[in-house]
Amino acid sequence: MKILIAEDETRLADAIADALKGANYDVDCAFDGIEGAQKATSGQYDLVVLDIMLPGKDGFSILEEIRRMQPETRVIILSVKVNWMTN
């Protein structure tokens, strides 16, 4: 399984990537929304771990692009933002 982590906090992204690589997953990271969107919509990934608050392009916009271009790609939302679903 190939996984993309789109997260601007490099230490967090690296920690998640290390854990997943330790479980024998193939993992790439993107550290901003522009790179994250490009990689996430490339068709290379089975799963995207997506931060909502990314520089350059927010995770909601990236999620919309993924759903439009790669609807079969699974996405896990990662966010520290409180109440983002109710706003």
Side-chain angles (χ1 to χ4, degrees):
M1 175 178 273
K2 190 157 184 171
I3 300 172
L4 172 65
I5 300 167
E7 168 59 62
D8 62 322
E9 296 291 332
T10 56
R11 290 177 61 193
L12 177 58
D14 289 341
I16 295 168
D18 288 345
L20 291 169
K21 287 175 183 177
N24 296 317
Y25 290 103
D26 185 8
V27 181
D28 291 330
C29 292
F31 300 105
D32 64 59
I34 304 298
E35 180 185 17
Q38 291 170 343
K39 288 183 174 183
T41 58
S42 69
Q44 298 180 60
Y45 299 96
D46 303 298
L47 173 67
V48 176
V49 179
L50 179 62
D51 186 13
I52 293 300
M53 298 174 65
L54 290 167
K57 184 177 279 194
D58 68 77
F60 292 119
S61 299
I62 296 169
L63 180 59
E64 288 176 8
E65 289 182 41
I66 293 169
R67 289 294 166 246
R68 187 174 62 252
M69 298 173 72
Q70 301 294 329
E72 69 282 353
T73 302
R74 294 175 204 103
V75 177
I76 295 174
I77 300 295
L78 177 68
S79 183
V80 296
K81 188 173 181 180
V82 178
N83 297 324
W84 61 271
M85 290 186 71
T86 60
N87 292 333

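This structure is a prediction, so every number in the text was calculated from the model and none was measured.
A heavy-atom distance below 4.5 Å is found between the side chains of Thr73 and Val48. Side-chain contact between Leu50 and Leu63 is present, with heavy atoms from C-beta onward closer than 4.5 Å.
Between the side chain of Asp46 and the main chain of Lys2, a donor-acceptor pair closer than 3.5 Å is present. Put simply, the side chain of Arg74 never gets that close to the backbone of Val49: no donor and acceptor are under 3.5 Å apart. When atom types are taken as modelled, the side chain of Glu7 and the backbone of Glu9 share a donor-acceptor pair closer than 3.5 angstrom.
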Inset, instruction - Go through the steps for Leu12 and Leu78 under the test side chain to side chain contact (heavy atoms under 4.5 Å, CB included), then give the verdict. - result: CA-CA 11 Å; Leu12 177 58; Leu78 177 68; 4.2 Å; yes
Inset, instruction - Report the C-alpha separation of Ile52 and Ile77 in whole Å, then their side-chain angles, then the decisive distance to 0.1 Å, and conclude whether the side chain to side chain contact (heavy atoms under 4.5 Å, CB included) test is met. - result: CA-CA 7 Å; Ile52 293 300; Ile77 300 295; 3.5 Å; yes
Inset, instruction - List the steps, then state whether side chain to side chain contact (heavy atoms under 4.5 Å, CB included) holds for Val75 with Arg67. - result: CA-CA 10 Å; Val75 177; Arg67 289 294 166 246; 3.6 Å; yes
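Distance SG/Cys29 to CD1/Ile16: 8.0 Å, rounded to 0.5 Å. Rounding to the nearest 0.5 Å places CG of Asp8 at 8.5 Å from CE of Met53. Distance check, rounded to the nearest 0.5 Å: CZ of Arg68 to CD1 of Ile66 gives 10.5 Å. Expressed to the nearest 0.5 Å, how far CG of Asp51 lies from CD1 of Ile5 amounts to 11.5 Å. Atoms CG and CG, on Asp26 and Leu47 in that order, are 12.0 Å from each other to the nearest 0.5 Å.
Enclosure of atom CE in Met1 by more than 12 non-hydrogen atoms of other residues, nucleotides or ligands within 6.0 angstrom is indicated.
With hydrophobic clusters built from ILVMFWY side chains whose heavy atoms lie under 4.5 angstrom apart, Val27 shares a cluster with Ile76.
Nearest approach of Glu65 to Ala37, heavy atoms of both residues: OE1-CB, 3.8 Å. Considering all non-hydrogen atoms of both residues, Phe31 and Ala13 come closest at CE2-CB, 3.7 Å. Across Gly36 and Ala6, no two heavy atoms sit closer than the pair CA-CB, 4.4 Å. When all heavy atoms of Ala30 and Lys39 are compared, the pair lying nearest together is CB-CD, 4.3 Å. Scanning both residues, Ile62 and Ala40, for their nearest heavy atoms gives CG2-CB, 4.3 Å.
Here Glu64 pairs with nothing under the salt bridge (Lys or Arg N to Asp or Glu O under 4.0 Å) rule; sequence neighbours left out. For the side-chain contact (heavy atoms from CB on, under 4.5 Å) test, residues two or more places apart in sequence or in another chain that qualify with Ile34 are Asp32, Gln38, Lys57.
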